[in-house]
Engineer: 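Quick one: the structure is below, and I'll ask about it shortly.
Order of the sequence lines fixes the chain letters, A, B, ..., with proteins taken first and strands second; residue numbering starts at 1 for each chain.
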Amino acid sequence: MQNADYDHREIERFWQKNWQSRQAYKVENDTSKPKYYALDMFPYPSGAGLHVGHPLGYIASDIVSRYKRAKGFNVLHPMGFDAFGLPAEQYAIQTGKHPAETTAENIVRYRQQLDRIGFSYDWSREVRTCDPTYYKWTQWIFCQLFEHWYNANADRAEHIDNLIAIFENEGNVNVQHRGSDVVRFTASEWLEYTKPEKEAILQNYRLAFQAETTVNWCEALGTVLANEEVKDGVSERGGHPVIKKNMKQWFLRITAYADRLLDGLDKIDWADSIKEIQRNWIGKSKGAGIRFEVADSDLSLEVFTTRPDTLYGSTFMVIAPEHEYVQELLSYEQREEAEAYIEQAVNRSERDRMSDVKKVTGCFTGSYCLHPFSGEKLPIYIADYVLGGYGTGAIMAVPAHDSRDHAFAKHFDLSILQVIDNAEIANVQAASFDAKEGIMINSDWMNGMQVPEAISEMITELERREIGNGEINYKLRDAGFGRQRYWGEPFPVLFKDEIPKILPTSELPLTLPDVSSYKPTGDGESPLAAVQDWVQTEQGLRETDTMPGWAGSSWYFIRYMDPQNREELAAEAAIKYWGQVDLYIGGAEHATGHLLYARFWTKFLHDLGIVPFDEPFAKLINQGMIQGSIENICLRKEKLNDVPHFKSYDLIVKDKEQDLYTKLPVLIDLVQDYGKETSYMDRLGILKFLENREDFNDATFETTLGTMDKEGIADLEDGASFRMETLTETGKMSKRWGNVVNPDDVCKQYGADTLRMYEMFLGPLEDAKPWNTQGIDGVYRFLRKVWKHYVDENGDIRVSDDKPSAKSVKSINQCIKKITSDIDSYSFNTAVSSFMICLSELQDEKCSNREVLENFLRILSPFAPHITEELWSKLGHEDSILDATWPSWDESVLVESTKVYPISINGKTRTQLELPLDMDKAEIEKIVMANDVVQKWLDGKAPKKVIVIPGRIVNVVM
RNA sequence: GCGGGUGUGGUGGAAUUGGUAGACACGCUAGAUUUAGGAUCUAGUGCCGCAAGGCGUGAAGGUUCGAGUCCUUUCACCCGCACCA
């Protein structure tokens, strides 16, 4: 077929079929080549399909993959689906359709969309988290977590049998673990315990364990809700009341790995912002635990403080409303008032608490505790600024050196005692001084010490007197691992007499049974609880919770290495060969979820000796969100003449009536020039809008043509200048705004190569940017120019063996160098510019030299694989361009002999002079001083100084 | 409040890391070509000014021969955490 025009549809269809039929992207494990592992965060296959924002990262990783392949690497570039999840389950509840069916259908659509963009995925390695051959291993990892505990001495997970052996020999007196607090027992005591007692103790050690926790229970929906599903104390769907309910749930002991998760951040190449988010999330703080005796009582209160140095400045004590000793501490006189306070504080949602941070609230308990050093009586208060879930739920308040304590002290008129002196302090009665700098005062034996010294001395003293210890606290909490849902991995657990026992590996996978209804049972259990013949087994009762969405995604990158393995999650050799993910691209929204859990599981699998690395993703890039335009038509808040009234946005601005109108998002299909300031709806747009909005049938529309109703608009001539201007905003692409741009449509109109290059051209990968189709023409034009440069009007390839001009040679070498370094630094937008520059230079030179043109195709092919493959074959190549090697550049042709020097006077460029690069400073200065323009600016005066930086610039200072 | 990030033409964005600000592209203007075009080509396009020239990277200072880039202060927006002891 000879085609003179660039027919992207034909070319892309042909090569996509070709690549598929000859398995061009299949990757083998057994190879002597060096490996490269490029991974995309796999998507959840939603019913909405892909929009143009999704492929952004996929395109970038695809470019890198193709580039690395050309560079001689064996590249693992797989794709799969995070296929368990709530949307399919919700859909099932509504329609009765099995989530597996919906999910499979959505995956088919995703696959079509992905294929249309021409990615180099090895689909033979696809994984789906909902596939039993996959989740067999998710369940297996859970079993391992259940069978292991964290030995703090060895700083790694160890098998629970080792722990039991220790218990049998010496009890737990010498065991250092990372887990819940456990009562100390001896070997003989251990042997005396009953089986349930032993298991209850082991639960404090296991990395997968059960614990009581509060969940968001919605009686009306008969189900447990995620935090995101609860808004202002009511369910997001339906607005039903939600209460806190206690429930036994599975947890994973991620806190055991807190330190390693923190330290590991220093070893990986991730954006600082993500690392910082994870550091904050882990929230490690060093300080001391201090015990305060309660006056006239046997009780003592444990506090955690990061500032043990300020102990002498502590003038009162504050406990959280949910503190375990609250009731015991209430005096007769204070009981009524305090209980009322606790009642309202506990019922306040976190959001409510957040909204009035400034307000100081609290209540005196009537009890006092004793200062451990001075013996002074300190009043104990209850206040909700102390959180039950952090530290010990109690603090020693130091109003002089903590701003929150200061505000509280002011409000309740408590004394404020300064214990740190610092030149910056004006008056601690007026404001606290929180910084850890200064010299101790009013602190007995610590007086005169610097703060850091005082902190460590105080800890030593606390430990000597046995009233406290140096302690480390984390914000990180253990991860809830159970969901009362159907569409997730079943737990491979059987309960006999309430004791959980995991299934042997030979019985995995434990598959999901069919259910007649996907609705929750109504008493808080998952739909699985209704399947009694599944739940009841001879060995005991099955767990009816399922695992959360992040279970399957925490280790999928390992499965890609050996996806069909039936014996293990992946063969040792495969894991050893592929190793860490070299490049991982995905959204930043997973900062504290997936990215933290995957690191946790990797470290655990590392402890088990299954993976040789202990960080999964060596390099992480977070692609920015591609935003859409949201177009709003402006509706008057109050009806006008008893009917809804819309007004063109330009007129609202003109009349300064913004306050009178609200915005109503409309489908962008109905809007002309959408995304632009001048976006508007024409008469047909308005009429289409009204078709779906019968509630506005009698509405009136005010434009420059005056005010008219539906009939009036319908009667207008086709070409009438009816313009209902819309208000344009930028925001997330979503169905809701009707602003989703489908990559299929772009591929249809411009082709996949244009889409790929345009998404890269849009800006730096990591930046958020609005999708705007206006700029796409430039990229499309570029590819058409490429085509026309290679193919003449008759469809014949335009190539020769004529010697290329020096300019062409320099241009292509420059381009090879630039593209190579741009890909190496993930700067894809500047790479696209470089192609454009190079092509126009080759056009100027009318370059048809085979070597130059072939090199241009080689470096362009990762970006635009279809057109380059087509031209490559037109150039007579039998082999695919996929297997062409990456060209190198000849540095010698890039060396310049002259430089156009910018000549500036006082730092302002005034003229330019082309001078040899090897000319020395003195010579340059001489020539510059003789220059007319320079002389004109000097105006007869002698310059104060002449700066000559050879190869860069000349600056004449007057 | 704390932490991280970003501010450059009408627009998306470049700038070899302290050395000609605005590459490349969109848009716009003019012209050519075409029956026509949302096609193609050529030229122009930061702002003010007829010009000489002046101004110009959110704002204000500073360091420097020279600052988009470094320092100080400040403003705006985005993201994360949110009374974390």
Engineer: If the P atom of B:rC24 is compared with that of B:rU45, how far apart are they to the nearest Å?
Structural biologist: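 Pairwise P distance, B:rC24 against B:rU45, rounds to 12 Å.
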
Engineer: Tell me the partner of B:rC2, counting only Watson-Crick (N1-N3 plus N6-O4 or O6-N4) or G-U wobble (N1-O2 and O6-N3) with both under 3.5 Å; none if nothing fits.
Structural biologist: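 B:rG80 is the nucleotide pairing with B:rC2.
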
Engineer: On a plain distance test, is the side chain of A:Asn955 in donor-acceptor contact with the base of B:rC65 below 3.5 Å?
Structural biologist: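 Such a pair is found, so the answer is yes.
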
Engineer: Find the partner of B:rU63: check Watson-Crick (N1-N3 plus N6-O4 or O6-N4) and G-U wobble (N1-O2, O6-N3) distances, both under 3.5 Å, and reply none if neither fits.
Structural biologist: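 None - no nucleotide pairs with B:rU63, as no candidate has both distances under 3.5 Å.
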
Engineer: If the P atom of B:rU29 is compared with that of B:rG80, how far apart are they to the nearest Å?
Structural biologist: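 About 41 Å, rounded to a whole number of Å.
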
Engineer: Is the ring pair A:Tyr385/A:Phe408 parallel, tilted or perpendicular, if the boundaries are 30 and 60 degrees?
Structural biologist: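 Geometry flag for A:Phe408 against A:Tyr385: tilted rings.
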
Engineer: Is there a Watson-Crick or G-U wobble partner for B:rA25 with both distances under 3.5 Å, and which nucleotide is it?
Structural biologist: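 Result: B:rU11.
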
Engineer: Identify the nucleotide, in any strand shown, that forms a Watson-Crick or G-U wobble pair with B:rG49, with both distances under 3.5 Å; if there is none, say none.
Structural biologist: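 Partner of B:rG49: none found under 3.5 Å.
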
Engineer: Between B:rC83 and A:Asp384, counting only base atoms on the nucleotide and side-chain atoms on the residue, is there a donor-acceptor pair under 3.5 Å?
Structural biologist: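 Indeed, a donor on one side and an acceptor on the other fall under 3.5 Å apart.
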
Engineer: With nearest nucleotide decided by heavy atoms, which residue, A:Asp777 or A:Trp937, maps closer to the 5′ end of RNA chain B?
Structural biologist: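 Checking each residue's closest nucleotide, the 5'-ward one belongs to A:Asp777.
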
Engineer: Could you please name the partner base of B:rG37, counting Watson-Crick and G-U wobble pairs only when both distances are under 3.5 Å?
Structural biologist: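 The base-pairing partner of B:rG37, which may sit in any strand shown, does not exist here.
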
Engineer: Using a cut-off of 4.0 Å on non-hydrogen atoms, how would the nucleic acid contact of A:Lys945 be classed: base, sugar-phosphate, or nothing?
Structural biologist: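 Here A:Lys945 touches the backbone only, sparing every base.
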
Engineer: Taking O4'-C1'-N9-C4 for purines and O4'-C1'-N1-C2 for pyrimidines, is B:rG27 syn (within 90° of 0) or anti?
Structural biologist: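 Anti, since the glycosidic angle lies more than 90° from 0.
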
Engineer: Taking the side chain from A:Ser825 and the backbone from A:Ser821, do they hold a donor-acceptor pair closer than 3.5 Å?
Structural biologist: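 Checking the backbone N and O of A:Ser821 against the side chain of A:Ser825, a donor-acceptor pair under 3.5 Å is found.
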
Engineer: Please work out if A:Lys899 contacts a base, only the sugar-phosphate, or nothing of the nucleic acid, heavy-atom cut-off 4.0 Å.
Structural biologist: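 Result for A:Lys899 = nothing.
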
Engineer: Mind calculating the distance between CG (A:Asn829) and P (B:rG12) to the nearest angstrom?
Structural biologist: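 Distance check: A:Asn829 CG to B:rG12 P gives 14 Å.
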
Engineer: Okay, side chain of A:Lys275, backbone of A:Leu265: is any donor-acceptor separation there less than 3.5 Å?
Structural biologist: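 Confirmed, A:Lys275 side chain pairs with A:Leu265 backbone.
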
Engineer: What nucleic acid atoms does A:Lys785 come within less than 4.0 Å of, heavy atoms only: base, sugar-phosphate, or nothing?
Structural biologist: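 Sugar-phosphate, no base atom in range.
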
Engineer: Does any N or O in the side chain of A:Arg599 come within less than 3.5 Å of the main-chain N or O of A:Leu261, such that one atom is a donor and the other an acceptor?
Structural biologist: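 Yes: the side chain of A:Arg599 pairs with the backbone of A:Leu261.
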
Engineer: In whole angstroms, how far is the P atom of B:rG3 from the CG atom of A:Leu265?
Structural biologist: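 A:Leu265 atom CG is separated from B:rG3 atom P by 19 Å.
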
Engineer: May I ask you to decide if A:Arg404's main-chain N or O and A:Asp402's side chain share a donor-acceptor pair within less than 3.5 Å?
Structural biologist: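 Yes: the side chain of A:Asp402 pairs with the backbone of A:Arg404.
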
Engineer: If anything within 90° of 0 is syn and all else is anti, what is B:rU35?
Structural biologist: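 You should classify B:rU35 as anti.
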
Engineer: Using Watson-Crick or G-U wobble geometry with both distances under 3.5 Å, which nucleotide pairs with B:rA30?
Structural biologist: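 Because both required distances fall under 3.5 Å, B:rA30 counts as paired with B:rU42.
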
